[in-house]
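What follows is a single structure, written as structure tokens, with notes after it.
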Amino acid sequence: MDYNKKKIGNRYVLVLEDSNSRRTISLEESNYSLGRHSSNSIVIHSKQVSRKHATLIKKFNERTNQDSFWIIDGDLKGRKSQNGIFVNGEKCASHELKDGDLINFGCEVNASYHAVSPATISESFIDYDHSQQIEIDKSISPSINKALKLHIDNAEQNAPFLLPKYPSKDAVNDDTFQEESYIDPITGLPNRILFNEYVSIAVTNAKRHNHCLAIFLTDIESFCEVNNDLGYNIGDRFLQAIAKRLKDCVRTGDIVSRWGGDEFAILLPHIKQEDNLYKITQRIIKELKYSFTVEDHTRCLVINLGMAIYPRNGQVSQDLLNYAETQLSYHKKTGNHNILRDNLGQKNDSFSQIEKQLDQAIKKQELCLYYQPQLNSHSKKIEAMEAFIRWNHPEYGLIPPQEFLPWVEKTDLVVPLTRWILEKACTQNKAWQTNELPNVSVSVNLSMAQFHHPQLVDIIDEVLTSMQLDPKWLEIEVTEAIVLKDIRLAYQVLKELKNLGVRVCLDDFGIGYAAVSNLHKIPFDTIKLDVSLIREMDNNPENTTLISALIALGESFEMRVVAEGVETQHQLNTLHNLNCRVMQGYYLSKPLSVEEATQFLAFHHLQQFDFMEKQQ
């Protein structure tokens, strides 16, 4: 047979990756059964796959005037699989497959489908084995003994793709093809070559269906120390444990790969909302922060992340991977994983200038904290100090937080600023205790971006440890808006803070009434009545009834109730009569500088705060 003159017809290809191998299967028949049992046309080697998991059926599509394959969950008798079928991340009972579709079998088994037409195949790039005559035997199923390399003319498909070669009569009747060069031998995950292929397919699908995808690149900081201290065999066991945790972090249909060395890659081929990505980032960091134990060797590992989103950070696979690598390198230097940051090269000049000034403000110690006391009207003692950040700008003077914090949240300064505030507040509280001033808690307000940041709990833990401050003297304040944004996530973060021993406070309570119904679910130590409720007490007597009810509600849950924004003697007296013990506001004390706050504490350490003086 003259292979050089042979016209190549349409080919339908299934690339299947299970626990045994990666196989490239040419779909020549009208239907195939797929499953764990040996009677299937295509046997899937996985204990998690059903005996008869799926069926492939070729049908004629009148709309496109060509054949296409459909995948059906279960067999043709209507019996469904146990785990289901996922195509491009979505579960389906049946689906008409299109070129580039990613298929998952509800476990670690993945596949991709390809419809390769003659127009996309460059025949001159086909490698044939001329050393022997190939005879096609239709009685033998299209197994793969050897493969030919086809270069597909596709900008997204830079690497050669594998298509099957019909076997000789002597070939073993097996539908598997061991392609070890695509599987990492240590973790069993797809390696970099196969991952790049998956990314190319996913980008093609994202363009076609107009959806987003995300790529994560991760590395383990100082992992070489594990190999040096414990040996490479134990190091490999740690890599296997890391691979398992990463797979547990992602959804069915997502792909985890070993990128190389101590680096891993994750592909989310279909995402609906970019805003949900911070949850995945948080889950990955959280899962990997817990210690690993291998043969009585326990290590805590630090993970670095880089991420790229299609189409925001790139239109082709290589651009996305390059961007993710740039992000990974940046985050290794800064320790910041603000995944929703803008593209490094696309910020306008004015924004860059503001970011630069804020960065310099942190480095030059232009930022400072002011402290406002919270006073107990019954014990007449100071219970806490709330910290407020200010920017002491060399040109514009003291700038309040509402004028610059919104800018911070749009930059990569969220982590450095959060750490700076916590360190300053905890250091100052430790200094007051060392000088034998009254023991008070210091409360720190967190913004939406700060609270939702996946490194928050770790930063707080590190700061408390380095400052050697008992966690009970730190209180974290969040608003109702932050809690109501995602109650489930808020509960998880607040629970972790409580596990550290940190106190948590619900600020602005009483204006977002949905939080009332969830108050018993969230472990708050303190609730702070919103300023607007206190301000309207003089003109709106109905507020008194509401405030009384909120105070009683807090006390029923054994929570400390604080009234903030107290500005008149009448407000103070009314709140005192309503049994609100703790108050805060300009009528009692304005926010104080460090020196003023220290003097305030020293004075009232020797003399109780006399509320009666305020009535004169």
Side-chain angles (χ1 to χ4, degrees), residues 15-22 44-46 48-49 83 86-89 102-112 179-203 205-206 212-221 223 235-271 276-290 292 301-310 317 320-321 324-325 327-328 337 339 454:
V15 181
L16 179 68
E17 179 199 347
D18 58 21
S19 59
N20 273 20
S21 62
R22 178 185 184 274
I44 301 177
H45 302 283
S46 171
Q48 298 177 349
V49 169
N83 298 336
F86 297 79
V87 179
N88 301 322
L102 297 178
I103 306 166
N104 178 268
F105 292 85
C107 55
E108 79 281 4
V109 179
N110 296 293
S112 60
E179 185 58 72
E180 295 180 353
S181 62
Y182 287 86
I183 302 299
D184 174 56
I186 295 174
T187 63
L189 296 176
N191 65 10
R192 183 188 293 229
I193 299 173
L194 182 54
F195 185 79
N196 284 335
E197 181 178 306
Y198 282 137
V199 172
S200 295
I201 295 169
V203 169
N205 288 338
C212 298
L213 66 83
I215 298 170
F216 288 94
L217 293 183
T218 77
D219 79 352
I220 312 301
E221 198 168 289
F223 188 79
D236 290 348
R237 295 279 300 279
F238 273 99
L239 289 174
Q240 293 166 2
I242 294 167
K244 184 179 184 305
R245 286 201 194 174
L246 284 174
K247 291 183 72 173
D248 291 341
C249 287
V250 298
R251 309 162 302 178
T252 301
D254 297 335
I255 296 167
V256 179
S257 164
R258 188 178 178 202
W259 192 246
D262 58 3
E263 295 182 334
F264 292 83
I266 301 171
L267 170 65
L268 311 182
H270 189 281
I271 55 176
N276 291 334
L277 289 174
Y278 74 85
K279 298 179 182 178
I280 300 173
T281 309
Q282 186 178 55
R283 187 159 63 244
I284 292 172
I285 293 176
K286 176 185 174 183
E287 286 299 318
L288 294 188
K289 78 175 182 180
Y290 297 123
F292 291 81
L301 304 174
V302 177
I303 184 173
N304 295 300
L305 283 178
M307 193 186 73
I309 304 170
Y310 171 88
S317 56
L320 290 167
L321 291 167
E325 287 184 323
Q327 292 290 286
L328 177 62
H337 299 290
I339 65 170

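- Rounded to the nearest 0.5 Å, atoms CG (N191) and CG (D184) are 7.0 Å apart.
- Residues passing the side chain to side chain contact (heavy atoms under 4.5 Å, CB included) test with N83 are Q48, H53, C107, sequence neighbours excluded.
- In this structure a side-chain-to-backbone donor-acceptor pair under 3.5 Å is present from S257 to P190.
- Among residues two or more places apart in sequence or in another chain, the side chain to side chain contact (heavy atoms under 4.5 Å, CB included) test is passed with A243 by T187, L189, F264.
- Using a 4.5 Å heavy-atom cutoff, the side chains of F195 and I215 are in contact.
- A distance of 11.0 Å separates CD1 in I303 from CZ in R245, rounded to the nearest 0.5 Å.
- The distance from atom CH2 of W259 to atom CG of N196, rounded to the nearest 0.5 Å, is 4.5 Å.
- The salt bridge (charged side-chain N to carboxylate O under 4.0 Å, His left out) check on K247 picks up nothing, with sequence neighbours excluded.
- Judged by distance alone, with hydrogens and angles left aside, the side-chain atoms of Q327 form no donor-acceptor pair with the main-chain N or O of L305 at under 3.5 Å.
- Remark: D236 engages no residue in a side-chain hydrogen bond (donor to acceptor under 3.5 Å, both in side chains) (not counting sequence neighbours).
- Between F223 and L239, the closest side-chain pair of non-hydrogen atoms falls below 4.5 Å.
- In this view, E263 satisfies the side-chain hydrogen bond (donor to acceptor under 3.5 Å, both in side chains) rule with no residue, not counting sequence neighbours.
- Applying the side-chain hydrogen bond (donor to acceptor under 3.5 Å, both in side chains) rule to E221 yields the partners N304; only residues at least two apart in sequence or on another chain are considered.
- Here the side chains of F86 and H270 are not in contact, with every heavy-atom distance at 4.5 Å or above.
- Side chain to side chain, N104 and N110 meet the donor-acceptor criterion of an N or O pair below 3.5 Å.
- Shown here for I284 and C249, the closest heavy-atom pair between the two residues is CA-SG, 3.8 Å.
- We find the CE-CD1 distance between M307 and I266 to be 11.0 Å, quoted to the nearest 0.5 Å.
- Between the CG atom of L267 and the OH atom of Y198 there is a distance of 9.5 Å, given to the nearest 0.5 Å.
- Once rounded to the nearest 0.5 Å, the distance linking CD1 of I220 with CD1 of I242 reads 4.5 Å.
- Here the side chains of L328 and T218 are not in contact, with every heavy-atom distance at 4.5 Å or above.
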